[in-house]
Amino acid sequence: MSRPVPNPGILDIAPYTPGKSPVAEPGRKVFKLSANETPFGPSPKAIEAFKRVADHLEDYPEGTSRVLREAIGRSFGLDPNRIICGAGSDEILNLLAHTYLGQGDEAISTTHGFLVYPIATMAVGARNVIAQETNLTCNVDAILKAVTPKTKLVWLANPNNPTGTYVPFDEVKRLRAGLPSHVLLVLDAAYCDYVSRNDYEMGIELVATTENTVVTHTFSKIHGLAALRIGWMFGPEHIIDAVNRIRGPFNVSTPAMYAAIAAIEDTAHQAMSKQFTETWRNWLTEEIGKLGLKVTPSVANFVLIHFPTEGKTSDAADAFLTKRGLVLRALKNYGLPHALRMTIGTEEANRLVVEGLRDFMAGK
């Protein structure tokens, strides 16, 4: 019996696997530290804005997300006409692949880059090329070496998920200068709000001064609106125009739009979250290091913890912590089988993880 057949390459794509969600049990408190969600939730002002539109759910959204683009423009000093919004930055990444990649093309990502990159690339029949990292950090020279006449796009998460590492802005500029002018450089700045390094810039300057660079961002992380699926991109006018031609006409819901406006305008909520994250990121890195476990230096809202390949393995640690209601992210699908990624949670959750790892390493 005949049946529809997927396009070539679709069944070669490994489906995206999100961080596992905890299963609540009576009498046990559970902490989900597997999805890089903020422990503070969204700004109360964002929640109020979300609720205010509930009386008009029968109305279609404004199709261009104009009021949100204007709010983003005010916040970052950008031209709203060079901004496009989407159902999470994931949708925008896929739209870019559909716009600029096709059969026979190549896109480059790094060894432990975000898994959406190869999915978006392969979904349109293009080939995903891996550039090797150095110390779990993007290596600009490796990317430039991987460029061929078939290269049309380079994906770069900065900071990177799941490693937490970043590329200084001078290196990003060197990458852009070394790429052919027809190659689109996509800077994914989902975690930029957590960075406190003088040599970091999310990429707006490059976008403003080149015709072949875009930067994407999300409201899912520091703004705490992951459930609403809302993100945005800043790019040259010709790229915004091209992507808009295939974007769904109502791809951003009205509740998401207005919650995002309130969130981006609540700078105090963002500052509080950033300071808390930095304090506890430093504390976790130091305390976990004292247990004999390596932690990759991170600038994001998570830490990458490395375990021995035998004995006190990441699998054993994951099972041990899960029994205590502490759910971290295993990373086999990211090519990191001996590591766990831990989202920085509440003070209680952070202390419990360190206590749990201490007991695990001691064999309790």
Task: Salt-bridge criterion met for K45 and E265 (N-O under 4.0 Å) - done: no

Task: Nearest heavy-atom neighbours spanning K312 and G363 - done: NZ-CA, 3.5 Å

Task: For the student: nearest non-hydrogen atoms of L225 and P42, plus distance - done: CD2-CB, 3.7 Å

Open item on the list: Quick test of your reading of the model: are K332 and D315 salt-bridged, counting only N-O distances below 4.0 Å?
Closed with: yes

Task: Contact list for residues 134-149, test side chain to side chain donor-acceptor pair (under 3.5 Å), sequence neighbours left out - done: E106-T148, T134-N139, D141-R174

Open item on the list: Less than 3.5 Å apart, any donor N or O on the side chain of S109 or N128 sitting next to an acceptor on the other?
Closed with: yes

Open item on the list: Between R358 and E355 (salt bridge meaning N to carboxylate O under 4.0 Å), is one present in this structure?
Closed with: no

TODO: Give a yes or no on whether the backbone of N36 and the side-chain of T343 come within a donor-acceptor separation of less than 3.5 Å.
DONE: yes

- [ ] Look at D170 together with K173 and state whether they make a salt bridge at an N to O cut-off of under 4.0 Å.
- [x] yes

- [ ] Would you check if the distance from the ring center of F40 to the ring center of F276 is below 6.0 Å?
- [x] yes

Task: Check: I84 main-chain N/O paired with R247 side-chain donor or acceptor under 3.5 Å - done: no

Task: Near-ring test Y166/Y191, centroid separation under 6.0 angstrom - done: no

Task: Identified side chain to side chain contact (heavy atoms under 4.5 Å, CB included) counterpart of F302 within the set T163, L284, N161, I344 - done: N161

- [ ] For W232 and S65, test the side chains for any donor-to-acceptor distance below 3.5 angstrom and give the result as yes or no.
- [x] no

Task: Residue that, paired with F31, satisfies side chain to side chain contact (heavy atoms under 4.5 Å, CB included) out of T346, V353, N350 - done: T346

Open item on the list: Do the side chains of K274 and E278 get close enough for a salt bridge, i.e. N-O under 4.0 angstrom?
Closed with: no

Open item on the list: Between D359 and R324 (salt bridge meaning N to carboxylate O under 4.0 Å), is one present in this structure?
Closed with: yes

TODO: Give a yes or no on whether the backbone of N160 and the side-chain of N158 come within a donor-acceptor separation of less than 3.5 Å.
DONE: no

